[in-house]
Number of protein chains: 2
Amino acid sequence: MAKIDTNLNFVLALSKAQATINRRLDGQLGAHGLSFSDFVTLHHLAHANGEKLRRIDLAEKLGVTASGITRMLAPMEKTGLVSREATGHDARISYVVLAPGGRRVYEESLKTASYIAGELLPLSKASQIEKLTETLHQINGNL
Amino acid sequence: MAKIDTNLNFVLALSKAQATINRRLDGQLGAHGLSFSDFVTLHHLAHANGEKLRRIDLAEKLGVTASGITRMLAPMEKTGLVSREATGHDARISYVVLAPGGRRVYEESLKTASYIAGELLPLSKASQIEKLTETLHQINGNL
DNA sequence: GCACAGTACTTGACTAATCAATTATTAATC
DNA sequence: GATTAATAATTGATTAGTCAAGTACTGTGC
């Protein structure tokens with residue numbers, strides 16, 4: 001029933017792959033008490049200038065809404081993975097800061113995440129992964 | 001603080017791209033009364049043998065659990081997009097069948113989905129898209 | 001041909017995230 | 001410098017989906 005649509009096929013495959021990856025990483029990161037989203041949050045904080053980010057920028061990096069960020073950070077603050085810091089010059093902003101506990105857990109869980117990521121990707125494509133990542137970044141609008 | 005991990009970067013970019021795509025398609029397909037998941041369901045049914053699938057196979061194709069399928073199909077049955085059909089030889093199985101309403105909505109929404117998919121993907125990278133799709137299929141275990 | 005393991009599906013309880021509205025603050029325009 | 005628009009974050013209500021348990025049925029091995 002259908003002419004093949006390359007773009008649509010891509011989108012379908014991507015969606016499925018994300019489900020696979022998410023499930024797999026969620027499962028394994030559970031050993032560190034993290035969801036995949038938690039891990040990604042720590043990752044971005046660990047690589048950010050001063051190990052802190054505005055909540056809105058974190059939302060953008062994760063591809064969720066500001067509201068989602070508020071809700072996901074609440075338990076992470078309680079367990080000491082991240083903390084909160086105000087800015088001097090703009091009282092609307094509250095930074096999310098990588099807390100010591102978060103830095104430790106990130107370093108531990110990075111090994112796991114990196115290992116699983118390697119397991120998920122087909123070895124045969126190793127040399128292409130960087131180009132493919134670049135294409136994905138273009139979808140995200142980060143030229 | 002970090003050595004660059006190619007595989008992990010890929011996984012992060014993928015996750016973000018999925019969020020972008022999902023949001024965009026959800027928004028536009030809303031005009032047809034569909035979520036992206038609804039659309040993907042109709043798509044798989046439309047291309048399946050006899051326009052029907054076992055619920056468990058549909059779950060596998062979408063990358064969700066059987067439980068998720070039950071919950072997502074309930075409203076689609078009510079609005080006449082899909083219907084339910086028993087098998088003669090295995091009373092555990094109930095097929096999901098593309099209903100006439102579903103076929104019509106699928107055909108209409110296909111144009112939208114295909115158009116948006118094209119908009120999201122960087123034109124310059126047409127050949128890369130096919131490579132990337134292949135890689136994604138490998139992640140999904142469909143060699 | 002019976003017991004037991006496995007499969008297909010559903011359900012209750014819960015979690016993660018959305019949207020729309022709200023609060024608080026800052027920036028822009030006249 | 002007062003008014004209006006825009007931005008950052010949070011909250012209430014809702015939705016989509018998870019997991020674990022349960023139901024109903026089928027296939028296997030003795």
Side-chain angles (χ1 to χ4, degrees), chain A residues 15-16 18-30 33-41 52-79 81-97, chain B residues 15-16 18-31 33-42 52-79 81-97:
Chain A
S15 171
K16 172 77 192 304
Q18 214 284 324
T20 304
I21 288 170
N22 202 67
R23 205 179 297 285
R24 192 74 205 295
L25 279 165
D26 255 9
Q28 297 300 305
L29 289 168
L34 299 179
S35 69
F36 180 40
S37 290
D38 293 339
F39 172 79
V40 179
T41 298
K52 66 184 171 185
L53 284 170
R54 301 189 313 163
R55 299 165 110 70
I56 189 84
D57 293 333
L58 187 53
E60 208 284 321
K61 280 180 191 293
L62 298 204
V64 301
T65 60
S67 160
I69 290 294
T70 297
R71 294 187 140 84
M72 101 168 268
L73 289 183
M76 295 179 75
E77 285 176 20
K78 253 199 263 188
T79 54
L81 295 175
V82 302
S83 55
R84 184 180 285 260
E85 192 180 297
T87 332
H89 58 286
D90 190 338
R92 288 170 302 182
I93 296 171
S94 93
Y95 278 97
V96 194
V97 192
Chain B
S15 171
K16 172 77 191 302
Q18 215 285 323
T20 304
I21 289 170
N22 201 67
R23 203 179 297 283
R24 195 72 206 296
L25 279 165
D26 254 9
Q28 296 300 304
L29 289 168
L34 299 178
S35 70
F36 180 40
S37 291
D38 293 339
F39 172 79
V40 179
T41 297
L42 295 181
K52 65 184 172 185
L53 284 171
R54 301 189 313 165
R55 297 165 111 70
I56 189 84
D57 293 333
L58 188 53
E60 208 283 323
K61 279 179 191 295
L62 297 205
V64 302
T65 62
S67 161
I69 290 295
T70 296
R71 291 186 145 78
M72 103 169 266
L73 290 184
M76 296 179 75
E77 287 176 20
K78 252 199 266 193
T79 53
L81 296 175
V82 301
S83 56
R84 185 179 284 260
E85 190 180 298
T87 332
H89 58 286
D90 190 337
R92 286 170 304 183
I93 296 170
S94 93
Y95 279 96
V96 194
V97 191

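Convention: sequence-line order gives letters A, B, ...; per-chain numbering from 1.
With a cutoff of under 4.0 Å to any heavy atom of chain A, the contacted region of DNA chain D is bounded 5' to 3' by D:dA6 to D:dT18.
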Pick out the pairs of N or O atoms, protein on one side and nucleotides 16-23 of chain C on the other, that lie under 3.5 Å.
| residue | atom | partner | partner atom | Å |
| --- | --- | --- | --- | --- |
| C:dA17 | OP1 | A:S37 | OG | 3.3 |
| C:dT18 | OP1 | A:T65 | N | 3.3 |
| C:dT18 | OP1 | B:R23 | NH2 | 3.2 |
| C:dT18 | OP2 | A:T65 | N | 3.3 |
| C:dT18 | OP2 | A:T65 | OG1 | 2.5 |
| C:dT18 | O4 | A:R71 | NE | 3.4 |
| C:dT18 | O4 | A:R71 | NH1 | 3.1 |
| C:dC19 | N4 | A:S67 | OG | 2.9 |

Using the 3.5 Å cut-off, write out each protein N or O paired with an N or O of nucleotides 3-6 of chain C and the distance between them.
| residue | atom | partner | partner atom | Å |
| --- | --- | --- | --- | --- |
| C:dG6 | N2 | B:R92 | NH1 | 2.8 |

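In this structure, the side-chain hydrogen bond (donor to acceptor under 3.5 Å, both in side chains) partners of B:K52, at least two apart in sequence or on a different chain, are B:E85. For B:D26, there are no side-chain hydrogen bond (donor to acceptor under 3.5 Å, both in side chains) partners at least two apart in sequence or on another chain. Under the rule for a side chain to side chain contact (heavy atoms under 4.5 Å, CB included), the partners of B:R24 that lie at least two apart in sequence or sit in another chain are B:I116, B:E119, B:L120. Checked against side-chain hydrogen bond (donor to acceptor under 3.5 Å, both in side chains), B:R92 has the following partners two or more places apart in sequence or in another chain: B:D90. Under the side-chain hydrogen bond (donor to acceptor under 3.5 Å, both in side chains) criterion, B:T79 pairs with no residue, sequence neighbours left out.
The minimum heavy-atom distance linking B:F36 with B:L29 is given by the pair CA-CD1, 3.9 Å.
The end-to-end axis angle of the helix from C:dG1-D:dC30 to C:dC30-D:dG1, rounded to 10 degrees and based on five pairs per end, is 30°.
A:T41 and A:D38 are not linked by any side-chain donor-acceptor pair at a separation below 3.5 angstrom, with hydrogens and angles left out of the test.
Between A:Y95 and A:R54 there is a side-chain heavy-atom pair separated by less than 4.5 Å. A 4.5 Å side-chain heavy-atom check between B:L42 and B:V82 finds at least one atom pair inside the cut-off.
Note: A:L73 CG to A:S83 OG = 10.5 Å, rounded to the nearest 0.5 Å. With rounding to the nearest 0.5 angstrom, the CD atom of B:Q18 is 9.0 Å from the CG atom of A:N22. Separation of atoms OG (A:S15) and CD1 (B:I21) is listed at 8.5 Å; rounding is to 0.5 Å.
Spacing between atom NE2 of A:H89 and atom C1' of C:dT25 amounts to 13 Å, rounded to whole angstrom units. Between the P atom of C:dT25 and the CZ atom of A:R55 lies a distance of 16 Å, rounded to the nearest Å. Atom pair A:D90:CG and C:dA24:C1' shows a separation of 10 Å (rounding to whole Å applied). Distance CD (B:E60) to P (C:dA8): 12 Å, rounded to an integer number of Å. Across the protein-nucleic acid pair, B:I93 atom CD1 and C:dT10 atom C1' stand 15 Å apart, rounded to whole Å.
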N/O donor-acceptor pairs under 3.5 Å from side chains in residues 63-70 of chain A, not counting sequence neighbours:
| residue | atom | partner | partner atom | Å |
| --- | --- | --- | --- | --- |
| A:T65 | OG1 | A:G68 | N | 3.2 |
| A:S67 | OG | A:R71 | NH1 | 3.4 |
| A:T70 | OG1 | A:A66 | O | 3.3 |

